[in-house]
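Here's the structure, in structure tokens; my notes come after.
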There are 2 protein chains.
Amino acid sequence: MKGTPVTIKDIAKALNISISTVSRALRGMPEIHESTRTAVIKLAEELDYQPNQLAKNLAKSRTKTIGVIVPNLSYYFFSAALNSIEEAAMQAGYSVMVCQSNESYLREVTNIQNLLRGQVEGFIISLARDTNDYSHIHKLMRKEVPLVLFDRYADEIEATKVIVNNKEAAFKATEHLLENGCKKIGFLAGPPNLLISTQRLMGYKEALEKHGIAFSNTNVFHTDFTQDNTVIKTLEMMSTLNPDGIVAVSDRIAFSAMFALKQKGLRIPEDVAVVSFNNEPICTLLSPTLSSVSQPVQEMGTEVVRLLLRQIENEHKLPVETKILETNLIVRESSARK
Amino acid sequence: MKGTPVTIKDIAKALNISISTVSRALRGMPEIHESTRTAVIKLAEELDYQPNQLAKNLAKSRTKTIGVIVPNLSYYFFSAALNSIEEAAMQAGYSVMVCQSNESYLREVTNIQNLLRGQVEGFIISLARDTNDYSHIHKLMRKEVPLVLFDRYADEIEATKVIVNNKEAAFKATEHLLENGCKKIGFLAGPPNLLISTQRLMGYKEALEKHGIAFSNTNVFHTDFTQDNTVIKTLEMMSTLNPDGIVAVSDRIAFSAMFALKQKGLRIPEDVAVVSFNNEPICTLLSPTLSSVSQPVQEMGTEVVRLLLRQIENEHKLPVETKILETNLIVRESSARK
DNA sequence: ACCGTTACCGCAAACGGTTGCGGTAACGGT
DNA sequence: ACCGTTACCGCAACCGTTTGCGGTAACGGT
């Protein structure tokens with residue numbers, strides 16, 4: 001660090017007053033005389049005094065900062081949620097520290113520890129793909145650290161969360177394909193441990209059964225979320241199942257699936273209709289445009305912050321709460337069979 | 001904050017030793033007896049002592065944290081760069097605080113201030129689209145705060161930076177189209193104030209001139225980087241210029257342009273060939289696959305951190321340095337005319 | 001026994017800012 | 001004049017951790 005930063009000591013010395021007076025003047029405390037306050041503020045501006053947030057936080061034993069951990073910031077959903085979270089937190093006078101786990105459990109553990117040491121007052125977390133062991137989350141909860149999960153959670157974790165009804169959303173998506181004439185529908189899932197994928201799979205299953213179609217595990221193909229693996233799994237599905245409809249667990253999966261279908265010379269939606277989840281902006285730029293379940297990501301971010309701040313600002317332990325937001329199937333060309 | 005966190009005071013009291021001994025034992029200082037050290041570490045683990053990073057940083061007058069500000073984390077390029085930056089920083093024992101400006105100048109100013117107050121030791125910044133006034137950056141430089149710009153920079157800022165040769169990259173992309181038979185090539189630019197767009201435009205211009213084709217400003221269409229605006233501008237270009245080739249300033253622009261072309265019933269690349277920049281993973285999933293200039297984003301992140309840490313760890317002011325990385329045109333279906 | 005050296009700590013101050021409480025001067029009421 | 005109240009500060013301790021320096025006991029050499 002070059003050049004010594006200006007501190008309240010410098011201002012106090014220059015004005016021949018105490019540092020507590022400088023501190024109080026800068027915070028507009030009423031017991032400080034107007035002329036003193038004016039002089040302090042004027043000099044602070046001249047010297048470009050910038051408060052040391054570390055010191056302030058330590059002295060007040062409070063940071064007013066929340067930690068946010070998401071699997072990957074390049075996913076539209078998480079990036080958009082983060083924007084919403086940042087906005088809501090800023091409105092409430094809180095700062096946000098952002099970490100991504102890169103779908104790694106170990107990274108998630110490290111991030112939590114670093115954020116805790118940084119004295120964040122609470123956590124907003126969406127679980128990484130590799131997370132199977134929840135002891136790091138349980139430890140947070142034992143310490144009664146404020147926590148809200150969103151989007152990706154686990155049944156083993158009894159924490160407050162903001163989610164969408166994945167089962168219902170998948171039910172609707174699948175039913176949409178069935179109503180559009182699809183007879184055989186495959187499901188492109190994420191990794192088997194990922195609850196969000198499992199729930200969408202259940203909704204798919206229920207829709208089949210409601211329409212008198214027998215569900216079989218051979219209709220389900222698990223991907224690891226990467227492009228290459230998804231292309232392979234799609235080709236495998238076309239080879240073994242040959243469906244006329246595909247429910248993909250997310251847009252990113254669907255992008256790869258559609259690519260694979262086209263490589264195979266299949267027309268979308270005439271030969272195979274496709275519907276997926278997340279409604280990324282690029283869905284409207286594909287050819288054909290992609291039908292996708294839209295999640296209220298803005299509302300999710302706002303709600304997540306609200307619930308977390310309620311925990312932080314409340315001295316007593318609050319009951320665990322689950323907030324379920326509605327989804328909306330956006331029908332586009334990829335599933336418009338007729 | 002529920003439950004009072006364990007501090008070294010608790011450990012000192014329990015073992016009837018001083019807090020300085022606890023501190024030294026935890027840091028493995030040689031002057032502390034082995035038995036003392038063992039007892040301290042054992043108790044710290046039992047009590048799950050977690051050091052208060054704020055206090056540590058304040059006491060050492062050092063955070064070993066760098067601030068990173070990018071325009072938008074959902075852009076593949078910045079997200080990938082961040083991954084690389086985080087990795088390099090971690091290897092060097094530094095933490096990273098991440099902010100996004102959402103392409104807003106004001107947000108960029110606020111982010112810089114907050115990070116400074118948080119006592120970051122240096123900055124890695126890629127300028128926001130709206131940034132026209134560089135006084136906030138000049139102020140950083142006057143304070144001799146370590147700074148490295150990457151990707152998006154400005155000629156008005158005499159700071160160390162890591163960039164690619166945008167002119168040469170665009171020259172190659174344009175030449176590629178010309179060599180593939182394109183006679184009339186349009187340029188889909190970003191906002192006029194964005195240097196990165198201007199430089200790519202210059203390379204485009206020089207390639208035209210090298211091949212004896214007169215450059216005209218009517219070949220250039222500026223977008224604001226949004227999907228809707230880009231679709232409109234593309235249609236406008238097709239209407240007024242009717243080119244058989246398009247150089248798009250980035251993949252995101254190209255996605256929208258390709259969509260617009262398809263909507264208009266044009267074939268890519270038979271009627272209009274397309275080439276762009278950034279080589280996002282999704283380029284390989286489009287139909288046709290998109291030709292795109294690849295930037296060594298991994299290397300960029302590593303280099304940016306190396307240059308910044310050199311500034312931070314060096315007491316003397318270092319000369320300004322510009323590191324230019326090579327690009328690579330990845331030819332795919334969208335420009336494969338023959 | 002005496003003295004020099006070393007091991008092993010503890011005290012106190014530092015980091016930059018916040019805050020409780022008490023001191024003092026001024027003012028107004030009696 | 002005296003006393004109660006209020007305005008306006010300053011002192012000192014705090015936050016959690018680090019670090020310079022000095023104190024003391026033990027040990028070994030003379």
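Quick caveat, the model's predicted, so the values are computed rather than measured.
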(request) Identify whether any heavy atom of A/Ile32 sits under 4.0 Å from a base atom; if not, whether one sits that close to sugar-phosphate; answer base, sugar-phosphate or nothing. (result) sugar-phosphate
(request) Would you sketch DNA chain C in dot-bracket for me? Only Watson-Crick or G-U wobble pairs with both distances under 3.5 Å count, crossing pairs as [ ], other-strand pairs as |, the rest as dots. (result) ||||||||||||||||||||||||||||||
(request) Indicate whether OP1 or OP2 belonging to D/dT17 is found under 4.0 Å from a side-chain N or O atom of B/Lys9. (result) no
(request) Determine, stepwise, if the pair B/Ile66 / B/Val120 fulfils side-chain contact (heavy atoms from CB on, under 4.5 Å). (result) CA-CA 5 Å; B/Ile66 56 179; B/Val120 294; 5.8 Å; no
(message) Please determine whether any donor N or O and acceptor N or O are separated by less than 3.5 Å between the side chain of B/Ser20 and the base of C/dC11.
(response) yes
(message) Could you walk me through whether B/Gln100 and A/Asn83 satisfy the side-chain hydrogen bond (donor to acceptor under 3.5 Å, both in side chains) test, starting with their C-alpha distance in whole Å, then the side-chain angles of each, then the deciding distance to 0.1 Å, before giving a yes or no?
(response) CA-CA 9 Å; B/Gln100 58 179 349; A/Asn83 284 342; 2.4 Å; yes
(request) Determine: side-chain N/O of B/Lys60 to OP1/OP2 of D/dT17, distance under 4.0 Å, yes or no. (result) no
(request) Determine whether B/Tyr105 and B/His136 make a side-chain contact, defined as any pair of heavy atoms from C-beta on separated by less than 4.5 Å. (result) yes
(message) Rounded to whole Å, please give me the gap between CG in A/Leu26 and P in C/dG16.
(response) 15 Å
(message) Do the side chains of A/Lys139 and B/Asp48 get close enough for a salt bridge, i.e. N-O under 4.0 angstrom?
(response) yes
(message) Can you measure A/His33 atom NE2 to C/dA25 atom P for me and round it to whole angstrom units?
(response) 17 Å
(message) I'd like to know if A/Arg152 pairs up with A/Glu103 as an ion pair, taking the criterion as any Lys NZ or Arg NE/NH1/NH2 lying under 4.0 Å from an Asp or Glu carboxylate oxygen.
(response) yes
(message) What is the separation between atom CZ on B/Arg27 and atom C1' on C/dC9, rounded to the nearest whole Å?
(response) 14 Å
(request) Remember a base hit wins even if backbone is also touched, and classify B/Ser23 as base, sugar-phosphate or nothing at under 4.0 Å, heavy atoms. (result) base
(request) Just call it for A/Ile17: base, sugar-phosphate, or nothing, with non-hydrogen atoms closer than 4.0 Å on any strand. (result) sugar-phosphate
(message) In this structure, how many angstroms lie between the P atom of D/dC15 and the CG atom of A/Asn52, rounded?
(response) 18 Å
(request) Record whether the side chain of A/Arg24 comes under 3.5 Å of the base of C/dG17 through a donor-acceptor pair of N or O atoms. (result) no
(message) With nearest nucleotide decided by heavy atoms, which residue, B/Leu58 or B/Thr36, maps closer to the 5′ end of DNA chain C?
(response) B/Thr36
(message) Could you check whether the side chain of A/Ser18 and the base of D/dC11 have a donor-acceptor pair of N or O atoms closer than 3.5 Å, going by distance alone?
(response) no
(request) Give a yes or no on whether a salt bridge exists between A/Lys161 and A/Glu303, defined as a side-chain N under 4.0 angstrom from a carboxylate O. (result) no
(message) Donor-acceptor check, side chain of B/Glu121 to backbone of B/Lys64, threshold 3.5 angstrom: yes or no?
(response) yes
(request) Send over the distance from A/Arg37 CZ to D/dA7 C1', rounded to a whole Å. (result) 16 Å
(request) Can you tell me the distance, in whole Å, between the CD atom of B/Gln53 and the C1' atom of D/dT17? (result) 10 Å
(message) On DNA chain C, compare the nucleotides closest to B/Ala59 and B/Thr21; which residue's is nearer the 5' end?
(response) B/Thr21
(message) Would you say CD of A/Glu158 has more than 12 non-hydrogen atoms from neighbouring residues, nucleotides or ligands within 6.0 angstrom?
(response) no
(request) Measure from CD1 on A/Ile8 to P on D/dG10 and round the result to the nearest Å. (result) 12 Å
(request) Take atom NZ of B/Lys56 and atom P of C/dG16, then tell me their distance rounded to the nearest Å. (result) 18 Å
